[in-house]
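Okay, so here's the structure we're looking at.
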Amino acid sequence: MKLHLQTLLTQAIDRLRQDGWLPGAVPVDIPLERSRDRTHGDFASSLALSLAKIARCKPRDLAERMVAALPASDRLAKVEIAGPGFINFFLTPTAYHATVGEILERGDAFGRSALGGGRRVQVEFVSANPTGPLHVGHGRGAAFGATVANLLEAVGYQVHREYYVNDAGRQMNILAASIWLRYLEHCGEPIRFPSNGYRGEYVRTIAAQLYAEQGSAYVVPAARVFADLPADEVRDEAGNLLGTGDKEIYIDALVERAKALLGDHHYRYLFERGLNTILDDIRDDLREFGVVYDEWYSERTLEEQGAVNQTLHRLRTAGYVYEKEGALWFRSSAFGDEKDRVVERDNGQTTYFASDIAYHLEKFERGFDWVIDVWGADHHGYVPRVKAALQALGENPDRLDVLLVQFAILYRNGERAQMSTRSGEFVTLRELRQEVGNDAARFFYVMRKSEQHLDFDLDLAKSQSKDNPVYYIQYAYARVCSVLRQLREKGFSRDEQRGLAHLSQLSELHEEALLVALSRYPEVVEAAALSHEPHQLAHYLRELANAFHTYYNEHRVLVPDDALRDARLNLSLATRQVIKNGLNLLGVSAPEVM
RNA sequence: GCGCCCGUAGCUCAGUUGGAUAGAGUGUCGGCCUCCGAAGCCGAAGGUCGUGGGUUCGAGUCCCGCCGGGCGCGCCA
């Protein structure tokens with residue numbers, strides 16, 4: 001519909017140019033938006049306002065000429081000029097009635113388009129380190145990323161969903177060491193847990209499993225484990241630093257000690273055991289949450305293929321790597337970053353950043369037209385350096401979009417419910433899902449703009465009332481299903497064609513409002529997809545449900561008149577279809593009975 | 001200190017490339033079930049869009065300063 005009107009306006013401009021009213025420059029984008037007020041018609045264009053200057057005449061006069069030059073269309077009831085020079089379009093009822101037929105015909109495909117032209121886009125999201133279960137912060141990234149991917153797919157992109165598994169880094173060694181220490185503790189050894197180790201309860205669980213399976217094969221006396229290690233960081237209960245210990249140096253030394261005492265074989269097993277247990281858990285968790293990936297990309301594979309070293313080599317050859325204080329630095333400041341960054345530490349280990357450069361280069365080399373990363377907002381300072389690296393490697397950094405997601409803060413009884421991650425006691429995604437359900441979690445996570453902090457009201461998410469937008473929308477769906485059941489119980493038959501033939505009987509104000517809402521759906525999906533803003537769809541679905549509830553409350557669907565009843569049934573079924581399609585994109589179910 | 005994000009009704013938030021009289025939900029108050037699901041609907045009240053300038057036909061939206069909040073500024077990831 002929108003496109004149709006824009007085409008008409010373009011033709012009008014062309015005619016005015018030929019007649020010499022307008023200079024040669026033609027705007028590519030024709031401004032056209034949904035009118036906010038019914039008295040302003042269905043669509044409004046400010047085209048005359050923006051072109052008045054170059055046309056050297058008053059906006060209203062230009063608007064007059066444009067309207068006069070507008071080609072005829074059976075979808076237009078009338079065109080008016082209003083205010084300073086807006087052109088308001090009033091559609092014919094037929095234009096809206098056609099939407100019902102289109103929805104019923106296209107079904108699940110209604111709202112989908114070919115806008116993306118099959119271009120390949122990769123969406124990488126969550127990618128939490130496999131060092132512990134996903135928490136509620138990851139949950140937002142999961143819901144957001146999955147929905148952005150769904151939306152892009154809906155508008156015609158070929159989407160590749162990917163999870164980057166940090167299974168090679170130093171953090172994984174720290175996890176392995178943490179498990180081992182808990183294992184030793186489990187076996188009665190007097191250990192002192194490192195300040196930089198993973199303290200979560202799940203580490204103890206894995207340690208206990210290891211013991212149950214392997215017995216005391218991995219036991220080494222604590223005295224040997226801790227002999228001659230550098231000082232760890234020590235803090236008092238208030239968190240003040242005591243002594244001069246360095247937690248990074250200490251944990252690295254502890255990891256080396258573990259490798260030395262356990263030997264390659266045992267250490268390897270321990271490492272794999274921790275990684276696989278946690279990664280399996282993350283996979284299950286996400287799958288249960290309705291988040292499915294095309295690929296789990298292993299950092300270790302990347303490293304084993306030599307990609308990290310090759311990338312560093314390329315950067316060095318290009319002249320952007322130098323040595324300072326025993327480490328290798330990438331000159332990211334040459335590409336707009338605040339300062340240069342270390343890619344290889346003085347102990348020879350490459351940094352997380354180094355493998356991330358290699359990974360992103362590899363993404364580009366895989367031939368994606370567009371690469372999207374979803375990151376926690378606390379990583380925003382990281383964006384310039386990754387883009388800098390891509391640019392240094394001769395790639396176009398604009399092909400990468402980094403979407404930042406702010407934290408979610410849980411509220412229960414009006415108070416913050418989130419615990420600190422430092423202590424290892426955090427609310428996991430699984431706990432959240434078990435408490436409020438997948439549907440509420442998926443919906444609430446994307447209800448707000450991603451760059452906005454999210455106040456997640458647990459009580460509201462659990463409530464089964466109109467206050468809860470998820471139930472409100474699902475209820476509209478269930479109501480239509482209920483009407484169909486009533487239809488059978490009352491012995492009515494349904495004839496879709498008869499309904500389509502009598503759509504003109506849908507002339508009530510509430511029916512018109514519902515028709516308008518339905519016709520907006522494709523525009524909403526397109527806007528939400530292109531701006532990466534799932535919340536637009538969430539808000540829309542609420543409005544659509546409201547339009548239906550209002551209508552339903554005011555008028556009966558199952559009236560005695562066959563033609564009117566079938567027309568209203570078609571309208572209701574079209575509503576049900578759009579709600580289903582929208583919820584499906586959000587990863588929320590549409591139950592027939594609640 | 002520097003960088004990024006945010007500031008809209010009591011609370012939580014929308015506000016479409018700058019457009020017409022700034023909107024929802026919630027909360028408060030008041031109505032609506034002999035009738036397809038009241039898990040619903042309708043109405044009232046509630047605003048110096050943090051603040052001061054600027055850009056223009058027009059600014060919640062764009063630019064600059066200031067105030068307030070969050071995050072970041074590691075040879076951590």
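Each chain gets a letter, A, B and so on, in the order the sequences are listed, and its residues count up from 1. Nothing here was measured: the structure is a model prediction, and the numbers come from that model.
- Among the protein residues, A:H40 comes within range of the nucleic acid bases, having at least one heavy atom under 4.0 Å from a base atom.
- If you take atom P in B:U51 and the same atom in B:C67, they sit 15 Å apart, rounded to whole Å.
- Contact check, A:H535 against B:G15: a side-chain N or O comes under 4.0 Å of OP1 or OP2.
- Distances shown here put a side-chain N or O of A:R479 below 4.0 Å from the OP1 or OP2 atom of B:A38.
- Ring-centre distance between A:Y359 and A:Y164: below the 6.0 Å cut-off.
- Judged by distance alone with a 3.5 Å cut-off, a donor-acceptor contact links the side chain of A:H380 to the base of B:G3.
- Distances shown here put every side-chain N or O of A:K2 at or beyond 4.0 Å from the OP1 or OP2 atom of B:U16.
- Here, B:A38 and B:G31 have their C1' atoms 14 Å apart, quoted to the whole Å.
- The side chain of A:K339 places no N or O atom within less than 4.0 Å of a non-bridging phosphate oxygen (OP1 or OP2) of B:C2.
- In this structure, A:D346 reaches the bases: a heavy-atom distance under 4.0 Å links it to at least one base atom across the strands shown.
- Taking the P atom of each, B:G54 and B:G60 are spaced 15 Å apart, rounded to whole Å.
- As the counterpart of B:G23, B:C13 is assigned, both hydrogen-bonding distances of the Watson-Crick or G-U wobble pattern falling under 3.5 Å.
- A gap of 22 Å separates the C1' atoms of B:C63 and B:U48, to the nearest Å.
- Contact between the side-chain N/O atoms of A:R36 and the OP1/OP2 oxygens of B:G23 is not found at any separation under 4.0 Å.
- Remark: B:G18 base-pairs with no nucleotide; criterion is Watson-Crick or G-U wobble with both hydrogen-bond distances under 3.5 Å.
- Here B:U48 sits opposite no nucleotide as a Watson-Crick or G-U wobble pair (both hydrogen-bonding atom distances under 3.5 Å).
- For B:A38, the OP1/OP2 oxygens have no side-chain nitrogen or oxygen of A:N553 closer than 4.0 Å.
- Using a 4.0 Å heavy-atom cutoff across all strands shown, A:S46 reaches at least one base atom of the nucleic acid.
- Contacts of A:A327 with the nucleic acid, taken as non-hydrogen atoms under 4.0 Å apart, include base atoms.
- If you take atom C1' in B:C29 and the same atom in B:U34, they sit 29 Å apart, rounded to whole Å.
- Regarding contacts with the backbone of B:A14, a side-chain N or O of A:Q452 is found under 4.0 angstrom from either OP1 or OP2.
- Set against B:G19, B:G72, B:U26, the side chain of A:D467 has B:U26 as its closest nucleotide.
- Under the Watson-Crick or G-U wobble criterion, with both distances below 3.5 Å, B:G68 is paired with B:C6.
- To the nearest whole angstrom, the two C1' atoms, one in B:U21 and one in B:G52, are 26 Å apart.
- Contact annotation for A:Q171: backbone-only contact, meaning every heavy-atom pair under 4.0 Å involves sugar-phosphate atoms and none involves a base.
- Relative to the side chain of A:N88, the nucleotides B:A20, B:A77, B:U17 differ in distance, and B:A20 lies closest.
- Nucleotides B:G58 and B:A22, compared at atom C1', are 15 Å apart to the nearest Å.
- Using a 4.0 Å cut-off, some side-chain N or O of A:T550 falls inside it from OP1 or OP2 of B:C42.
- With hydrogens and angles ignored, no donor-acceptor pair under 3.5 angstrom links the side chain of A:N196 to the base of B:A77.
- For the P atoms, the distance linking B:U12 with B:G7 amounts to 12 Å, nearest Å.
- Contact annotation for A:N347: no contact, since no heavy-atom pair falls under 4.0 Å across all strands.
- Judged by distance alone, with hydrogens and angles left aside, A:E33 brings no side-chain donor or acceptor close enough to the base of B:G19 to form a pair under 3.5 Å.
- At the heavy-atom level, A:V593 lies under 4.0 Å from base atoms of the strands shown.
- OP1 or OP2 of B:C41 lies within a sub-4.0 Å distance of a side-chain N or O belonging to A:Y472.
- Counting non-hydrogen atoms under 4.0 angstrom, A:Q464 reaches a base of the nucleic acid.
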